2 protein chains.
Amino acid sequence: MKSSAESRRHIRQILDAAILAADPARAIRPHLRRLQKPKGRVLVIGAGKATAQMALAVEELIPNCTGLINVKYGHAAPLHKIEINECAHPVPDEAGLKGAQRIADIARSATKDDLVLCLISGGASALLPLPIPGLSLAQKQDITRQLLARGADIHEMNAVRRHLSQIKGGQLAKLAYPAKVVTLILSDVIGDDLNTIGSGPTAPDPSTIADAQAVLDKYKITVPVALTETPKPRDKVFRNVQNIVAGSNRLAIDAARKTARKLGYRTLVLSSLIEGETRDIARMHAAIAKEAKATGQPIKPPCCIISGGETTVTIQGKGLGGRNQEFALAAALEIAGTEGITIASAGTDGTDGPTDAAGAQADGATVERAQKLGLSAKVHLANNDSYHFFQPLKDLILTGPTGTNVMDLRLILIR
Amino acid sequence: MKSSAESRRHIRQILDAAILAADPARAIRPHLRRLQKPKGRVLVIGAGKATAQMALAVEELIPNCTGLINVKYGHAAPLHKIEINECAHPVPDEAGLKGAQRIADIARSATKDDLVLCLISGGASALLPLPIPGLSLAQKQDITRQLLARGADIHEMNAVRRHLSQIKGGQLAKLAYPAKVVTLILSDVIGDDLNTIGSGPTAPDPSTIADAQAVLDKYKITVPVALTETPKPRDKVFRNVQNIVAGSNRLAIDAARKTARKLGYRTLVLSSLIEGETRDIARMHAAIAKEAKATGQPIKPPCCIISGGETTVTIQGKGLGGRNQEFALAAALEIAGTEGITIASAGTDGTDGPTDAAGAQADGATVERAQKLGLSAKVHLANNDSYHFFQPLKDLILTGPTGTNVMDLRLILIR
């Protein structure tokens with residue numbers, strides 16, 4: 001029979017394997033090896049928090065390359081061929097604007113003999129700010145703020161933003177035409193939608209100028225310039241474009257599953273698309289775990305149930321924590337007193353909320369162990385104070401920054 | 001390829017099979033057939049909303065029986081040997097008290113040669129009110145009200161209530177000792193915990209008089225009489241007692257699964273233990289459905305994903321609906337535009353909230369069909385107005401009262 005300590009070790013092994021699989025350089029290498037050498041140049045452009053790591057792999061496998069990427073301040077890497085421009089995230093700044101302009105210029109300079117290699121990872125949208133002529137960065141941000149304040153949803157926001165940009169919504173592909181474009185993507189977005197990741201600089205825009213105008217009319221927002229049209233799916237500019245999701249939550253889940261199998265567990269992947277209020281999502285995970293333990297459904301122990309995606313926390317208290325730690329805390333309450341279930345949740349970037357932890361883990365003894373230390377799981381949950389619950393228990397998952405971000409992973413081991 | 005209309009027909013077939021399996025008479029018949037005929041009398045006692053239907057099956061298979069059951073007003077059945085006493089639910093009344101007293105007397109009259117057949121279904125706790133001597137029904141209710149108002153949880157409430165009752169927490173078994181006691185249970189409780197269903201009249205009480213007193217002290221509540229101790233697990237009074245969960249959410253799920261298989265679907269039972277805020281639980285169900293459609297995980301289409309239990313709705317609007325209809329509405333938003341997914345949720349009692357519907361169903365076209373009728377899924381969800389969303393769409397599930405209650409069923413068909 002496996003012990004609780006062994007379950008914890010296994011959780012960590014499975015999680016580490018998943019994070020490693022989503023490592024930016026590791027994820028794109030197989031795709032780089034498959035690239036055909038162009039007659040002309042290899043021009044590397046792109047943006048994102050993990051894009052410097054992706055660029056390292058490019059320099060390693062394609063020595064003859066040049067280009068420029070925009071990354072977040074502090075997210076650089078020692079590159080030799082590809083220039084790095086550090087700029088602000090999540091609120092864009094002038095440095096980002098200048099870099100985005102130069103990236104657009106590089107794309108425009110590409111000929112049909114060149115290969116434009118575009119590297120996109122989380123944060124790319126804010127790190128590639130290039131409003132249409134006549135619209136300042138501040139004006140564009142103000143429009144976004146007004147849309148948010150008036151209750152526009154993410155699809156409405158994106159429809160407007162793509163038509164106020166020179167890059168988003170497939171426009172970077174249009175600039176690069178007729179060069180061959182290969183975009184390698186590390187997705188931090190639920191469902192890996194190409195239009196959503198980095199606002200889809202090389203993906204066809206499903207929304208039209210009329211859609212964007214309808215949103216502006218709906219929320220009574222005026223724009224000082226004419227909107228720009230984005231290229232549509234059948235546009236010739238996409239004929240030579242390949243968008244490849246090289247790293248994603250699903251890739252991490254798949255690695256987790258393989259490692260769990262090697263450790264002797266049956267595996268069940270619930271979904272990579274999980275969103276919703278953290279504590280309720282945790283309750284449902286716990287309900288599935290308890291059913292498995294009691295009846296062998298949906299899967300017979302020893303088993304590992306895996307899910308991905310990213311939940312949200314409606315903050316009601318004043319404590320310290322993150323969605324992953326709160327998930328583990330809510331789950332701890334649900335499985336209190338139950339034997340043989342260990343539940344963990346962690347951000348693949350190694351950071352959960354404003355804490356130094358990636359997440360936390362809990363089992364049937366967690367609530368009682370905490371009580372002995374004078375900690376109430378219920379009180380800490382009500383106060384969104386999961387960090388101060390798990391820290392004294394030494395049940396935080398600490399990985400340090402991992403260099404990747406493919407959302408969260410949740411692991412349930414049942415024996 | 002199966003059509004959407006066919007999915008809807010299949011949903012209804014699967015649901016009907018599940019409800020039929022949980023029919024009170026049908027569920028207990030196999031257990032009645034297995035009973036050994038006692039030397040003495042068969043005394044039938046019990047309480048619950050569905051208990052008259054259970055008693056019908058008893059009279060059918062055990063002609064020589066007598067007894068008395070407490071049922072909710074309007075929930076009687078044409079019995080000939082077993083007396084029916086109609087009384088109030090959920091707030092007990094004098095009629096309930098008188099019936100409970102007579103039921104206790106019948107149990108006390110049983111000898112070692114008799115078989116006491118105890119029938120318990122949802123509502124039994126309120127329908128078997130018998131406070132300890134010196135405590136009036138009104139006084140006991142007042143204590144319950146104070147506990148609720150001061151934030152006591154269900155376990156704390158039950159610990160106190162069992163020690164203020166002459167019947168709950170195994171005390172009915174004590175009264176019947178040394179007769180043989182067989183309790184047949186139709187469970188409307190998450191996890192089918194014997195102590196919780198009807199407050200466990202014939203099940204050992206895990207809480208002690210000290211636990212109950214600690215709760216009263218914690219919430220600073222005084223009781224005008226001394227608490228009574230309940231029999232504990234190793235007590236001799238349980239030696240001749242058998243508690244059998246004859247009907248439950250799991251039984252209904254199992255019937256649903258068998259029917260889905262016959263219709264050609266792979267099946268996956270997520271859990272019978274699902275609780276939590278309805279709209280978030282719906283989002284997670286939808287996330288699992290979309291993953292199955294996209295990647296074949298956790299199960300490959302054509303498939304039927306099944307879950308049970310009972311969610312809650314935090315009411316924020318002023319509309320009409322119930323947790324099952326709200327589940328279908330929240331799910332509709334999540335699967336809007338997706339092909340091949342049909343999601344349904346229904347209460348096995350045929351009633352969802354204060355409506356005439358058992359629940360509702362939705363697929364990827366639901367939100368758009370509603371738009372054409374001028375109905376906004378988002379607005380209706382925000383207003384908890386699921387009934388008025390699904391009624392014009394003709395997507396309510398209408399079964400009428402089913403005579404059973406084993407909580408809710410959720411069905412997802414993916415093709």
Side-chain angles (χ1 to χ4, degrees), chain A residues 151 153 155 190-193 206 248-250 253-254 257 266-299 303 305-314 330-331 333-338 378 382 410, chain B residues 151 153 155 190-193 206 248-251 253-254 257 266-299 303 305-312 314 330-331 333-338 378 382 410:
Chain A
D153 67 27
H155 300 290
I190 296 267
D192 305 332
D193 176 17
S248 66
N249 193 260
R250 278 182 185 143
I253 283 177
D254 207 45
R257 199 184 49 177
R266 286 181 195 88
T267 60
L268 186 77
V269 174
L270 289 177
S271 180
S272 67
L273 308 172
I274 288 174
E275 301 174 272
E277 183 67 33
T278 302
R279 61 188 66 192
D280 294 287
I281 300 303
R283 289 185 86 173
M284 180 156 164
H285 278 77
I288 294 171
K290 289 191 285 186
E291 187 75 36
K293 181 75 184 164
T295 70
Q297 296 198 71
I299 184 167
C303 62
I305 299 174
I306 306 168
S307 84
E310 198 168 296
T311 62
T312 44
V313 172
T314 305
L333 277 163
E334 296 294 320
I335 60 170
T338 309
K378 275 186 201 172
R410 296 165 221 99
Chain B
D153 67 26
H155 300 289
I190 296 268
D192 305 331
D193 176 16
S248 66
N249 192 261
R250 278 182 185 144
L251 187 82
I253 283 177
D254 206 46
R257 198 183 50 175
R266 287 181 195 89
T267 60
L268 185 77
V269 174
L270 290 178
S271 180
S272 67
L273 308 171
I274 288 173
E275 302 173 271
E277 182 67 32
T278 302
R279 62 188 66 194
D280 294 287
I281 300 304
R283 290 185 85 173
M284 181 157 164
H285 278 76
I288 294 171
K290 288 192 285 186
E291 187 75 36
K293 181 75 184 163
T295 71
Q297 296 197 74
I299 185 167
C303 61
I305 298 174
I306 307 168
S307 82
E310 199 167 297
T311 62
T312 44
T314 305
L333 276 163
E334 296 294 320
I335 60 169
T338 309
K378 276 186 199 170
R410 296 164 220 99

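Being a predicted model, the structure only gives us computed values, none of them experimental. Below, chains carry the letters A, B, ... as their sequence lines are ordered, and counting in each starts from 1. In what follows, every heavy atom counts, from backbone to side chain, and hydrogens, waters and symmetry copies are set aside.
Residue contact with chain A, scored on non-hydrogen atoms closer than 4.5 Å, involves the side chain of B:Thr295 exclusively. When heavy atoms are compared at a cutoff of 4.5 Å, B:Leu268 approaches chain A solely by way of its side chain, counted from C-beta outward. In this structure, chain B has no heavy atom under 4.5 Å from any part of A:Ala289. For B:Asp192, no part lies under 4.5 angstrom from a heavy atom of chain A.
Between A:Arg250 and B:Glu291, at least one side-chain nitrogen of the basic residue sits less than 4.0 Å from a carboxylate oxygen of the acidic one, meeting the salt-bridge criterion. Under a 4.0 Å N-O distance rule, the pair B:Asp280/A:Arg283 does not qualify as a salt bridge.
By number of non-hydrogen pairs under 4.5 angstrom with chain A, the leading residue of B:Ile253, B:Ile190, B:Ile274 is B:Ile274. Comparing A:Ser272, A:Gly309, A:Ala282 by how many heavy-atom pairs each has under 4.5 Å with chain B, the most go to A:Ser272.
Atom OG1 of A:Thr311 sits about 8.0 Å away from atom CD of A:Glu277, to the nearest 0.5 Å.
Listed for the B:Ser271 side chain is a donor-acceptor partner under 3.5 Å among the backbone atoms of A:Ala287. At least one donor-acceptor pair closer than 3.5 Å links the side chain of A:Thr278 to the backbone N or O of A:Thr312.
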